[in-house]
Amino acid sequence: MQRRDTEVPQRDPSHQEPKPAPHQPLPEGSLDRLEEEIAAAAEELIGEAVGTEQTALARPPRPELGDYSTNAGLILARQARLPPRQLAQQIGEGLQRRLGGRMLHFEVAGPGFLNIFLDDAWHVQALRSVLAAGERFGAGGAQRPQRVLIEFVSANPTGPMHVGHARNAAYGDALGRLLAFHGEHVSREFYVNDAGSQILKLGESIQAIAEGREPPEHGYHGEYVHSLLGAVAAGERVSAAELGGRAVAIIVEKMKSSLARFRVLDYEHWQYESELHEVQPQLLGREGTPVSPVAHAIELLEQKGMTYRSEGALWLRTSQLGDDKDRVLVRANGEHTYFASDIAYHQRKRERGFERQIDVWGADHHGYVPRMRAAYQALGGDPDHLEMIIMQLVHLVRDGRRAQMSKRAGEFVTLDDLVQEIGVDAARWYLLSRSHETTIDLDLDLAVKQSSENPVYYVQYAHARIASMLVKASAHVRFQALEGPDPPALHPSERDLVKVLLQFPHEVAEAADRRAPHRIAAYALELAQSFTAFYRDCRVLGAQPACAEELRLALSSATQRVLARALDLLGLSAPESM
RNA sequence: GCCCCCGUAGCUCAGCUGGAUAGAGCGCCGGACUUCUAAUCCGAUGGUCGCAGGUUCGAAUCCUGCCGGGGGCACCA
């Protein structure tokens, strides 16, 4: 074993840092630590601080190329004024002095890669660091935790949620879980568009059907409207507006239960658009009297000189802030546009103290992005603090051809249909294992047929396998601390599994920073595969010597924990048995 | 016309803030169940990374142009 005091990187030799307590070792097995050592070795050579943003510690494509490789020699060659291979060689020598026996040897390869070969003790120590982190392994990597508000789904309350909403729901929910685990303070909201003409139309449609008439032109048809007839009692005379309001209440309740079944974590707040038009006692306007949030936002924009009147309407100068043209806030007929409500909503969110707002929108809203960003900026917000994530569409495929999703044509797959047909886990995996930036083709018949082959079950199976194994083991082995002597030699599959586990914090950080939960799905599959290979190659229960069994149980336990975490981040279940 | 997304194996998709011989799942073909869960495993097949230039030691990745697919360009929501 290396002496610890030779391994502490001394970035500033003149500053005496307190030695770490013997029982609180630095996370020697962590990749951050390894990167630090590489950077330190490079700095020692170059004699100045090096930019490590560009350098990367990677897993080489083939095992013969070592456990890890770094491109530091290539990236820093210019700064060091050395040929890349020569620099890599010297960094390797420095690293060898720092890591001592933990590094078996190194090789310089290709144009200047430094390939690093680590010994078994390094891997065992790495596993210990994973175990020591416990449930927090991979958590809390956020640089500076912020109050983040994610608004997602926000389906119009005029009909059922379709597969597009399902994708939005799965994504927004997973992103929320991911950011929270990463260390952000996450809130979730659903924006209910319960104002405007569409709700009136909905009321009129229900009225018409209740009275045996045809719904009005551009009204709502179909079974779904029939299911809302409970909003009006037999013989009762109510206005279309009132009826529309009642229908919204019913639909929102339906959406809540559908989302809960889809395992979407509860929203902190359901924001009704209509409330943004109501006078809020605590919100004082220019005149010193209470105003509505919409009026408040418009006043602010007027004060900043960002509005003007033209053709009877009130306009916002969004074209000054990157939009193609100016946009109307108040129409000539005196009604507010949807845009005005949305501005008020975003302003309220900011005033409520959210430092970052993430809106998850459908692809059909992408043209809306520049004006919203402009408005946010016009109100004094930092445009970088408003993220509008555009989800690409889910295309319905029937008989190998794309079909338009249309309520009238019956080509309409709802969130509930999807859950009923293939289940929550398969549906979520299907929607979350792909980037939100790519369109998805959904052939429901095919999805049903293939649902049993969904890779999600492979991941869950690995989890269940470990669970069942650990139940058998727990009676006679203590493994959590991994206190025994290191086993004689690790199997390649054991070393590989350790390295895949070590990747997890990095994967979480990447997925969170890039708003890309699908990376977690890819990682979960890779981890399950590595575990299965390990399970195939290494007998766990009863392995000899005892320290080998202890290590393998520890490895299994750590894997189970990370699998469960990855599944949870995607809102998937982690069954104990299958 | 302008803007956004996509084009990678038979299919569905990863990889895209530049790294080594481009990956996975499914499908297809051949094999493995008295052994810790066979919802598994092993092997085989499978690619002009849409096309053409450019930048670079190095391009699926960055830049430009083109082709193809999808979506959006309201005093609708």
Side-chain angles (χ1 to χ4, degrees), chain A residues 53-54 56 58 60-62 65 69-71 74-75 77 83-85 109-113 115 156 158 193 195-199 201 218 273 310-315 324-325 327-342 362-370 390-393 395 400 402 429-430 433-443 446-447 450 452-462 464-473 510 513-514 516 518-519 521-523 525-526 529 532-533 535-543 549 552-553 556 577-578:
Chain A
E53 303 80 31
Q54 301 291 319
R62 295 182 302 286
L65 297 177
S69 77
T70 174
N71 59 359
L74 287 157
I75 299 296
R85 288 188 58 102
F113 292 105
N115 292 337
N156 278 337
T158 53
N193 295 131
S197 56
Q198 54 166 357
I199 304 302
K201 271 282 191 310
H218 303 303
E273 182 188 358
S310 175
E311 300 168 57
L314 184 70
W315 296 73
D324 292 337
K325 48 177 279 197
R327 306 290 172 174
V328 172
L329 295 173
V330 184
R331 288 182 261 172
N333 66 9
E335 285 177 20
H336 295 109
T337 58
Y338 172 84
F339 184 41
S341 307
D342 222 0
D364 53 342
H365 278 65
H366 104 258
Y368 201 74
V369 169
I390 301 302
M391 304 290 301
Q392 291 303 315
L393 301 182
H395 277 120
R402 281 192 175 172
W429 182 276
Y430 191 85
S433 56
R434 296 146 164 80
S435 159
H436 67 89
E437 288 182 326
T438 192
T439 47
I440 292 181
D441 283 333
L442 175 65
D443 184 329
L446 199 61
Q450 293 179 344
S452 63
E453 281 135 23
N454 192 306
V456 72
Y457 300 121
Y458 182 90
V459 178
Q460 292 178 324
Y461 185 69
R465 225 177 201 177
I466 299 172
S468 119
M469 199 168 67
L470 293 183
V471 165
K472 290 181 183 168
E510 282 287 296
D513 290 343
R514 293 160 78 152
H518 74 278
R519 286 176 163 262
Y523 173 77
L525 190 58
E526 188 190 352
Q529 284 168 330
T532 304
Y535 182 85
R536 176 195 69 219
D537 294 336
C538 303
R539 174 79 203 185
V540 179
L541 298 179
E549 182 184 33
R552 287 172 184 178
L553 285 166
S556 301
S577 65
M578 288 175 77

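Treat the numbers as computed from the prediction; the structure is a model and nothing was measured. What you see below is based on every heavy atom in this structure, not just the backbone, and it leaves out hydrogens, waters and symmetry mates.
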Can you confirm whether [X] sits close enough to [Y] that some side-chain heavy atom of one is under 4.5 Å from a side-chain heavy atom of the other?
X	Y	value
A:F339	A:V328	no
A:L442	A:Y430	yes
A:N71	A:F113	yes
A:L74	A:P111	yes

Between [atom1] of [X] and [atom2] of [Y], what distance do you get to the nearest 0.5 Å?
X	Y	atom1	atom2	value
A:H436	A:R514	NE2	CZ	10.5 Å
A:L329	A:D342	CG	CG	11.5 Å
A:I199	A:N193	CD1	CG	7.5 Å
A:T438	A:M391	OG1	CE	11.0 Å

Any strand: nucleotide that pairs with [N] via Watson-Crick or wobble, under 3.5 Å:
N	result
B:rA24	B:rU12
B:rG1	B:rC73
B:rC66	B:rG50

Rounded to whole angstrom, note down the [atom1] distance from [N] over to [M].
N	M	atom1	result
B:rG58	B:rU21	P	13 Å
B:rC28	B:rU45	C1'	8 Å
B:rG10	B:rA44	C1'	16 Å
B:rC5	B:rG47	C1'	24 Å
B:rC49	B:rA22	C1'	8 Å
B:rC76	B:rA39	C1'	49 Å
B:rA9	B:rA60	P	15 Å
B:rC67	B:rA59	P	26 Å

So for [X] and [N], does any side-chain atom that can act as donor or acceptor lie under 3.5 Å from a complementary atom in the base?
X	N	result
A:R62	B:rU21	yes
A:R514	B:rU17	yes
A:H366	B:rC5	no
A:N115	B:rA20	yes
A:S197	B:rA77	no

Give [X] one of three labels, base, sugar-phosphate or nothing, depending on what nucleic acid heavy atoms sit under 4.0 Å from its own.
X	value
A:S435	sugar-phosphate
A:H365	base
A:R536	sugar-phosphate
A:A58	nothing
A:D537	nothing
A:T439	sugar-phosphate
A:A109	base
A:D441	sugar-phosphate
A:R519	sugar-phosphate
A:R434	sugar-phosphate
A:K325	sugar-phosphate
A:Q529	sugar-phosphate
A:Y535	base
A:I440	sugar-phosphate

I need the [atom1]-[atom2] distance between [X] and [N], as an integer number of Å.
X	N	atom1	atom2	answer
A:Y457	B:rG25	OH	C1'	15 Å
A:K472	B:rU35	NZ	P	11 Å
A:N333	B:rC75	CG	P	12 Å
A:H518	B:rC16	NE2	C1'	10 Å
A:E335	B:rC76	CD	C1'	11 Å
A:I199	B:rA77	CD1	P	11 Å
A:I75	B:rU17	CD1	P	13 Å
A:W429	B:rC13	CH2	P	15 Å

Could you tell me whether the phosphate oxygens of [N], OP1 or OP2, come under 4.0 Å of any side-chain nitrogen or oxygen in [X]?
X	N	value
A:Y458	B:rC41	yes
A:Y338	B:rA77	no
A:S468	B:rU37	yes
A:R552	B:rC36	no

### Message
Nearest heavy atom decides the nucleotide; on that basis, is A:A464 or A:P60 closer to the 5' end of RNA chain B?
### Response
A:P60
### Message
Need to verify one output field. Residue with the more 5' nearest nucleotide on RNA chain B, A:A313 or A:A533?
### Response
A:A533
#### Entry: For the student: nearest non-hydrogen atoms of A:L553 and A:L470, plus distance
CD2-CD2, 3.8 Å
Out of [options], which nucleotide sits closest to the side chain of [X]?
X	options	answer
A:S577	B:rU37, B:rC6, B:rA77	B:rU37
A:F113	B:rC6, B:rG19, B:rU40	B:rG19
A:T337	B:rG19, B:rC75, B:rG70	B:rC75
A:R331	B:rG25, B:rC76, B:rC5	B:rC76
A:T532	B:rA77, B:rU37, B:rC41	B:rC41

### Task
Would you check if the side chain of A:N333 reaches a backbone N or O of A:E335 as a donor-acceptor pair within less than 3.5 Å?
yes
